[in-house]
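Here the structure is a predicted model, which is why all the values come from computation and not from measurement.
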Amino acid sequence: MFVTIRGGIAYADDLGGQVKPPATGYVVQDKKSRVVISSGGDGIPELISVSAARRPTAVDDIGTSMTIITEKQIQTQQRRSLTDILTRQPGLNVVQTGGPGGASSIFMRGNNANEVKVRLDGMDINDGSSASGAFDAGQFVTDGMGRIEILRGPQSGLYGADAMAGVIDITTAQGEGRFRPFVRVEGGGYGTFNQTFGARGSKGRFHYNVELSHYRMDGFNNIPAYIERYYGADRQQRHEGNRNDNRGANIRLGYDITHNFDLGLTARLIQNNNHSYSLYDLQSENAYGDRGVREQNSQNEAIVRGTAHLVSFHGMFDQVLGLGYMTNRNRWTEAGTSDGSPINPDPDYYRSSRLKVDWHGTFNLKKYGQFLIGAEHFHDTFNTSHTAASMWDSGYNTSASMDTTAGYGQYQGNWNHILYGAANIRYDANSRYGNHVTWRVAPAIHVPGTGTIIKASAGSGFHGPSLYQLFANQVGAGYSEKGNPNLKAEQLIGYDAGVEQKLLHDHLNFGATWYDNRVRNLIQSSVSVDSSYNYTYSYANVAKARMYGVEAFLNWKALNTLEFNLSYTWTHARDATDGAELQRRPQHKFNFNTTWTPIRDLTFSGNILYTSAWRDVPVIGGATCSVCARGHGYFTIDVAANYKVNRYVSVYARADNLLNRQFEDPIGYLQPGRAGYGGFMLNY
C-alpha cells in the first residue's frame with residue numbers, strides 16, 4: 001500500500017486499485033512536490049491547496065478564502081460541464097446564454113467576469129480572442145479534471161494581471177497504478193447523447209491519463225414564452241432549438257527520469273460547433289422582416305504545457321520550469337436574408353494565441369519557513385477580420401500583440417503552530433499598458449485547544465485592457481468601433497476576514513468571511529455621435545466600484561455514509577459614482593448539497609440552489625441601459641444516483657431542475673427545465 005494525494009485529498013491505494021481514505025495519523029507525501037503533509041484525521045478530510053501559495057499547503061494554514069472541488073465530487077454529482085460545477089460554488093455567479101454550450105461569464109465577489117483568472121495545469125487560459133479577455137467556460141467539460149481550486153480575493157501578488165477578483169485553478173488528474181481503461185455513455189433530455197472513453201495508469205516511471213469525449217445536445221429552445229408572444233412567433237419559431245456539438249481530448253503524461261527529476265506534458269483540445277436561435281434572431285425576423293436568421297459559432301482551441309521538475313539538495317530546493325502555448329480560433333456567422341440579400345455572407349473571425357515561459361523555485365528553510373521566487377514571460381497575439389460584403393460593410397482586419405514580463409517572491413511560515421501566514425509581492429511589465437506592482441498578505445491564527453481558526457487577507461490587483469479594447473477597428477454604415485490605445489489597467493484593493501470552527505472531532509466545520517473590494521479605472525463601453533449621426537463605439541476608464549459581502553459555509557459529516565454541505569453568499573456590488581447596482585450580481589445565493597451512501601457501491605447526491613433577483617439589460621422596450629431590467633430569482637433541485645454493479649460495470653441517473661422551474665439567466669435566455677439523464681460506464 002502507498003499513500004498519495006488526489007484531488008487535494010490524501011488517499012491510500014492498494015495494489016488492487018481500491019481507493020479509500022487512509023487511517024488516522026498517516027503521513028502523506030505529495031509525489032509531485034516531495035513535500036510531506038499530514039492527513040486530516042477521521043472527520044472531514046483536510047484539504048491540501050497547491051494554488052494558494054504555489055506549493056502544497058493545508059487549507060487551514062493559510063488565510064486565503066478558497067474552495068476545493070475534487071474529482072470524486074464532480075463524478076458523484078454528475079456535473080459534466082465546468083459551468084454546472086462552478087454555478088454551485090460560494091462567491092461565484094455564472095451566467096450562460098443559450099443553455100448548454102452557450103457563452104458564459106463567471107462573476108466572483110461581484111467583480112467583472114474578465115477580472116477572474118483561470119488556469120489549467122499552470123497555463124493561463126483566459127480567452128484573448130474575446131473583446132473583454134474573459135474566460136468562457138461554455139465548452140469546457142469536466143472529463144479528466146482532478147481538482148478545481150477557487151481562490152477568492154485579489155491574487156495578483158502571485159498570478160499577475162486578470163487575477164484581481166480571484167483565481168480558478170484547474171488540475172488534470174494524474175494516472176497511477178495499473179492500466180484502467182473505461183467507456184462511459186450517457187443520454188437524456190434535449191437530445192443529449194454523450195460518449196467518453198480513455199485510460200489512465202502507470203508503467204514503471206511513466207504515468208498517463210488520456211480521455212476523449214463527444215458531447216451532443218440538440219433541440220433546446222432558450223426563448224421565453226412572453227418574448228415569443230411579444231414578437232408574435234409562429235409555430236416553427238416557437239420550436240426552433242439550439243444545437244451544440246463538442247469534441248475534446250484531455251491528456252496528461254509524465255515520466256520520472258530519476259527520483260528527484262521528472263517531466264510532464266498536459267494538453268486539452270476542444271472543437272465545437274454551436275448553432276443558436278436567440279431572441280435577437282426572432283426580433284430580426286418578426287420586427288424587421290428578415291428571414292431564416294440563425295447564428296453559428298465554431299471554435300477550435302488547444303492548450304498545451306510541458307514542465308520539468310527538479311528537487312535538489314535533499315529537498316531543500318524545489319523548482320519547476322514550464323513552457324505553455326494556447327491558441328483559440330473562432331468563426332462566427334449569421335445565416336438568413338434581409339431584403340433578399342444574405343445578412344452576413346462572410347464570417348467574422350477572432351483568433352488569438354499565448355506563449356508562456358515560466359519558472360519558480362521554493363527554498364525549504366525548515367523551521368524558518370519557505371521562500372518562493374519566480375518569473376514569467378507572456379507573448380499574446382490577436383487578430384479579427386471580416387471581408388467587406390457590400391457598400392454598407394467596409395470590412396476590417398485588425399492584428400495586435402503584447403508582451404508581459406513578471407517576477408515575484410513569497411515568504412510563508414508559522415510561529416509555534418499558532419500563527420501561519422504568507423506574504424508576496426510581484427512586478428509586471430507590460431508593453432501596452434505599463435508596469436504594476438501588486439502584493440498580498442494572508443495570515444491564519446489557530447487558537448490552541450479550541451478548533452477555532454481566524455483568517456484574514458489583504459492585497460492589491462489589476463486587470464489590463466484586452467488587445468481588442470486597445471486596437472479594435474471596425475467601420476460600417478453610420479457606425480464604427482475603435483479601440484482606445486490610451487486605456488489604463490483597472491486596479492483593486494481588497495480585504496477579507498473570517499473565522500472557522502471545528503467541532504465533534506472535526507466532523508462539523510463551519511465559518512463565515514467578510515470581504516470588501518474597491519475598484520478604480522473600470523473599463524466600460526463608450527459611445528459618441530457626430531453631427532451626421534454617425535455612432536462611434538469605444539472604451540474608456542470611466543467608473544469606480546465597491547463590492548462587499550459575506551460568504552458562509554457549514555460542512556457536517558453526520559455519519560461515515562452521510563454528509564451535508566451548505567453555503568450562503570451575500571453580495572453588495574455598486575457603481576461608486578452613482579450608487580447603481582452592478583449588472584448580473586444577485587445579492588443572495590444559497591446552495592445545499594448532501595451525499596448519502598446507504599449501502600456499499602450505491603451513492604445518492606442531492607442539490608438545492610437558490611439565487612435572488614439581479615439587475616440586467618432589458619430585452620423588450622426602448623431602454624438601453626445595462627441595469628434597467630430586473631431578473632427574477634429562482635431555485636432548482638437536482639438529484640443523482642450512482643450504482644457500481646461490479647468491478648466492470650457502473651450505472652447512473654440524474655434529474656436536473658426536478659420541479660421544472662422556468663427561469664432566465666441572463667434575462668431573455670431561458671435555462672433548461674426538468675430533464676432526466678442516464679447512462680453506464682464500463683471499466684477494467
Cation-pi check for Y634 against R661: NZ or CZ below 6.0 Å from the six-membered ring centre and within 45 degrees of the axis, yes or no?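 Because its charged atom misses either the 6.0 Å distance or the 45° angle limit, R661 does not stack over Y634.
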Using 4.0 Å as the upper bound for N to carboxylate O, is an ion pair formed by [Y] and [X]?
X    : Y    : result
D124 : R354 : no
R119 : E149 : no
R268 : D121 : no

Could you give the distance from CZ (F471) to CG (N484), rounded to the nearest 0.5 Å?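 Rounded to the nearest 0.5 Å, the CZ-CG separation comes to 10.0 Å.
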[X] side chain to [Y] backbone, donor-acceptor under 3.5 Å:
X    : Y    : answer
N222 : G668 : no
D496 : S457 : yes
R426 : L158 : yes
K589 : G91  : no
R351 : R331 : no
E301 : I270 : no
D616 : G631 : no
N541 : N521 : yes
N397 : S385 : no
Q139 : G101 : yes

More than 12 heavy atoms of other residues, nucleotides or ligands under 6.0 Å from OH of Y226: yes or no?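 Check passes, neighbour count above 12.
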Test item: [X] and [Y] side chains (from C-beta on) under 4.5 Å apart, heavy atoms:
X    : Y    : answer
Y548 : R518 : no
T384 : D348 : no
R294 : D281 : no
R615 : R630 : yes
M145 : L82  : yes
N112 : L522 : yes
L492 : N111 : yes
Q296 : N273 : yes

Could you tell me whether the side chains of [X] and [Y] share a donor-acceptor contact shorter than 3.5 Å?
X    : Y    : answer
S338 : D290 : yes
N435 : Y427 : yes
R440 : T64  : yes

List the steps and the verdict of side-chain hydrogen bond (donor to acceptor under 3.5 Å, both in side chains) for S132 and S466. CA-CA 6 Å; S132 69; S466 70; over 6 Å; no
Applying salt bridge (Lys or Arg N to Asp or Glu O under 4.0 Å), can you list everything that pairs with R546, at least two apart in sequence or on another chain?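 Applying salt bridge (Lys or Arg N to Asp or Glu O under 4.0 Å) to R546 gives D516.
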With a 6.0 Å cut-off on the ring centroids, do F140 and F135 count as close?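 Under 6.0 Å, so yes.
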Tabulate below the donor-acceptor pairs under 3.5 Å that side-chain atoms of residues 575-582 make, not counting sequence neighbours, or state none.
from	atom 1	to	atom 2	distance (Å)
D575	OD1	T577	N	2.8
D575	OD1	T577	OG1	2.4
D578	OD1	A580	N	3.0

Angle class for the F382/Y468 ring planes (parallel below 30°, perpendicular above 60°, tilted otherwise)?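 Aromatic pair F382/Y468 classed perpendicular.
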Would H632 and F663 satisfy side-chain contact (heavy atoms from CB on, under 4.5 Å), going step by step from the backbone distance to the final call? CA-CA 7 Å; H632 296 290; F663 66 95; over 6 Å; no
Quick one: list whatever passes ring-ring contact (aromatic ring centres under 6.0 Å, His included) with W332, sequence neighbours left out.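 ring-ring contact (aromatic ring centres under 6.0 Å, His included) list for W332, sorted by chain: empty.
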Check the pair D169, R54 against salt bridge (charged side-chain N to carboxylate O under 4.0 Å, His left out), reporting the backbone distance first and the verdict last. CA-CA 11 Å; D169 201 6; R54 289 207 174 189; over 6 Å; no
Evaluate the side-chain contact (heavy atoms from CB on, under 4.5 Å) criterion for residues Y325 and M123: first the C-alpha distance (whole Å), next the side-chain angles of each, then the deciding distance (0.1 Å), finally the verdict. CA-CA 8 Å; Y325 179 74; M123 183 62 190; 5.6 Å; no
Kindly determine whether S65 and E551 satisfy side-chain contact (heavy atoms from CB on, under 4.5 Å), including the steps that lead there. CA-CA 9 Å; S65 176; E551 297 159 348; 3.5 Å; yes
Apply the test side-chain contact (heavy atoms from CB on, under 4.5 Å) to residues L670 and I223: give CA-CA distance (whole Å), side-chain angles for both, the deciding distance (0.1 Å), then the verdict. CA-CA 6 Å; L670 195 67; I223 305 178; over 6 Å; no
